K.L.:
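I'd like to ask you about the structure that follows.
Please read all numbers here as calculations on a predicted model, not as lab measurements. The sequence lines fix the lettering, A, B, ..., with proteins before strands; numbering per chain opens at 1.
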Number of protein chains: 2
Amino acid sequence: MTPLLQKLIHSFQFLPGIGEKTAQRFVHHIFGHQKHLAQGFAETLLEAIEKIKHCQRCQNLSEDDLCQICASSERDESILCIVEHPSNVSIFESTQSYDGKYFVLHGVLSPINGVGPQDLGIGKLDILLKQHPIKEVLIATSSKVEGEATAYYLYEYLNDKVAKITRPAHGLPIGGSLDYIDGQTLTRALRGRQEMVD
Amino acid sequence: MTPLLQKLIHSFQFLPGIGEKTAQRFVHHIFGHQKHLAQGFAETLLEAIEKIKHCQRCQNLSEDDLCQICASSERDESILCIVEHPSNVSIFESTQSYDGKYFVLHGVLSPINGVGPQDLGIGKLDILLKQHPIKEVLIATSSKVEGEATAYYLYEYLNDKVAKITRPAHGLPIGGSLDYIDGQTLTRALRGRQEMVD
Ligand SMILES: [Zn+2]
Ligand SMILES: [Zn+2]
């Protein structure tokens with residue numbers, strides 16, 4: 001095991017769930033027969049790191065200043081859906097039952113981890129609400145404790161700035177992550193969404 | 001999900017055991033908060049792909065033409081241990097009970113997968129035996145079916161070229177991979193190694 005391979009095994013472990021044994025297995029796989037594929041992978045990763053940025057309007061991952069959804073003139077400008085992660089946008093899109101716009105927080109409020117409103121870009125929502133004819137904000141953070149707390153923070157923050165604030169209907173499993181919900185359940189939860197009131 | 005991110009998710013899946021869901025999780029992790037670590041990782045991977053080659057003598061992974069073990073004058077030149085994978089060398093070294101040289105096959109004979117003697121560099125063993133004062137070849141392929149078949153092929157191939165051919169002693173679990181053996185078991189198996197005879 002050369003110093004360079006040891007460094008590579010160490011650096012593989014930034015990936016979630018990857019420990020030393022798995023990293024070793026990856027390295028032996030690569031230098032067994034897969035150098036060519038590994039090179040293509042590493043080059044694609046560097047290209048993505050260079051080109052992928054946050055959409056200036058909605059913060060979703062994008063290769064351009066504005067993502068395809070924000071740039072589209074065919075989406076309903078009157079409704080804005082706030083989600084935790086880019087993967088949530090993919091799931092909403094796959095249901096084909098939502099044609100509004102999005103705002104991606106890239107996380108939830110978490111005082112214990114030092115994540116505050118400014119880390120999630122919540123200040124940008126002000127500008128969005130002033131510049132676009134948004135009539136409804138649908139807060140689709142998860143129903144976990146921190147997701148709920150973030151939803152209520154957003155509700156307080158947005159309450160006097162927009163006509164209607166909603167949460168997806170019951171139908172989402174309590175305590176679950178949005179990543180593991182089937183499209184049908186999510187479609188029902190969207191159709192039955194409830195207005196948030198004091 | 002942009003085309004570039006889709007390409008990245010696809011290209012992650014060359015790693016063993018990584019499917020689409022896990023690749024998506026890796027990508028969301030990277031573009032959530034880990035771009036900096038991901039960049040260091042990708043650069044280390046490209047550096048390793050460029051610099052890591054097979055040692056000209058033993059085929060083990062090396063940053064130089066000759067690996068550190070082949071280049072060392074303090075190792076016993078009279079014994080050569082043939083292993084399947086670079087990881088096997090690491091395990092042998094960790095026991096500190098072997099101070100000879102190695103030869104790394106990077107696989108086993110597998111007619112069904114089109115892996116023949118030339119793919120494992122077995123022809124190079126001829127040159128090694130002529131150029132170095134090797135008195136014993138210790139064939140440490142695994143005790144799985146293909147490892148055993150490779151050991152017997154090597155035995156037939158080397159029988160008239162070297163004084164003594166051995167296999168590690170019983171003590172290795174039957175049917176197991178060398179990667180999961182503790183050092184103590186391997187030390188015992190090395191001390192009790194048996195000469196192969198017709
Ligand atoms: Zn956008
Ligand atoms: Zn070597």
K.L.:
Under 4.5 Å between side-chain heavy atoms, hopping through other hydrophobics if needed: is there a path connecting A:Tyr152 to A:Ile82?
P.N.:
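Same cluster: A:Tyr152 reaches A:Ile82 through Ile, Leu, Val, Met, Phe, Trp or Tyr contacts under 4.5 Å.
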
K.L.:
Hey, does the side chain of A:Lys35 reach the backbone of B:Ile52 with a donor-acceptor pair shorter than 3.5 angstrom?
P.N.:
yes

K.L.:
Is it possible for you to say whether B:Val137 and B:Leu125 belong to one hydrophobic cluster, with membership spreading through side-chain heavy-atom contacts below 4.5 Å?
P.N.:
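Yes, because B:Val137 and B:Leu125 connect within a single hydrophobic cluster, where side-chain heavy atoms sit under 4.5 Å apart.
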
K.L.:
Could you have a look at A:Gly107, A:Pro3, A:Cys67 and say which one has the most heavy-atom pairs with chain B under 4.5 angstrom?
P.N.:
A:Pro3

K.L.:
Do you know the tightest heavy-atom contact between A:Leu45 and B:Ala38?
P.N.:
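Looking at all heavy atoms of both residues, the shortest contact is CD2-O, 4.0 Å.
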
K.L.:
What part of A:Glu50 gets closer than 4.5 Å to chain B, counting heavy atoms only: side chain, backbone, both or neither?
P.N.:
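Neither; nothing under 4.5 Å.
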
K.L.:
Shortest non-hydrogen contact from A:Ala48 to B:Leu4?
P.N.:
CA-CD2, 3.7 Å

K.L.:
Do B:Leu138 and B:Val83 land in one hydrophobic cluster if side-chain heavy atoms of ILVMFWY residues count as linked below 4.5 Å?
P.N.:
yes

K.L.:
For the candidates B:Ile49, B:Leu5, B:Thr22, which exhibits the highest count of non-hydrogen atom pairs separated by less than 4.5 Å from chain A?
P.N.:
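Highest number of heavy-atom pairs under 4.5 Å: B:Ile49.
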
K.L.:
Answer yes or no: does atom CD of B:Gln68 have more than 12 heavy-atom neighbours from other residues, nucleotides or ligands under 6.0 Å?
P.N.:
no

K.L.:
Would you find a donor on one side and an acceptor on the other, under 3.5 Å apart, between the side chain of B:Gln24 and the backbone of A:Ser87?
P.N.:
no

K.L.:
Under a 4.5 Å side-chain heavy-atom rule over Ile, Leu, Val, Met, Phe, Trp and Tyr, are B:Ile165 and B:Leu105 clustered together?
P.N.:
yes

K.L.:
Tell me whether A:Val162 shares a hydrophobic cluster with A:Leu154, the cluster being built from Ile, Leu, Val, Met, Phe, Trp, Tyr side chains joined at under 4.5 Å.
P.N.:
yes

K.L.:
Considering non-hydrogen atoms only, spot the tightest contact between B:Pro16 and A:Phe26 and give its length.
P.N.:
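Minimum heavy-atom contact is O-CE2, 3.4 Å.
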
K.L.:
In terms of heavy-atom proximity below 4.5 Å to chain B, should A:Thr2 be classed as side chain, backbone, both, or neither?
P.N.:
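Backbone plus side chain of A:Thr2, per the 4.5 Å heavy-atom cut-off to chain B.
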
K.L.:
Write down the atom of B:Ser11, the atom of A:Thr44, and the distance for their closest heavy-atom approach.
P.N.:
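Closest heavy-atom pair between B:Ser11 and A:Thr44: OG-CB, 4.2 Å.
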
K.L.:
With a 4.5 angstrom heavy-atom cut-off, could you sort out which part of A:Ile69 is near chain B: side chain, backbone, both or neither?
P.N.:
neither

K.L.:
Using modelled atom types only, decide if a donor and an acceptor are shared between the side chain of A:Gln39 and the backbone of B:Leu46 within a distance under 3.5 Å.
P.N.:
no

K.L.:
I'd like to verify something: which residue of A:His85, A:Glu47, A:His36 has the highest number of heavy-atom pairs under 4.5 Å with chain B?
P.N.:
A:Glu47

K.L.:
For the interface with chain B, which of A:Gln34, A:His106, A:His29 has the highest count of heavy-atom pairs at distances below 4.5 Å?
P.N.:
A:His29

K.L.:
Below 4.5 Å from any heavy atom of chain B, which atoms of A:His28 appear? Answer side chain, backbone, both or neither.
P.N.:
side chain

K.L.:
Check whether any side-chain heavy atom of B:Ile30 lies under 4.5 Å from a side-chain heavy atom of A:Phe14, and answer yes or no.
P.N.:
yes

K.L.:
Checking A:His54 against chain B: side chain, backbone, both or neither under 4.5 Å from a heavy atom?
P.N.:
side chain

K.L.:
Just wondering, are more than 12 heavy atoms of other shown residues or ligands nearer than 6.0 Å to NZ in A:Lys161?
P.N.:
yes

K.L.:
Please indicate whether B:Gln118 has more than 12 foreign heavy atoms, meaning atoms of other residues, nucleotides or ligands, lying under 6.0 Å from its CD.
P.N.:
yes

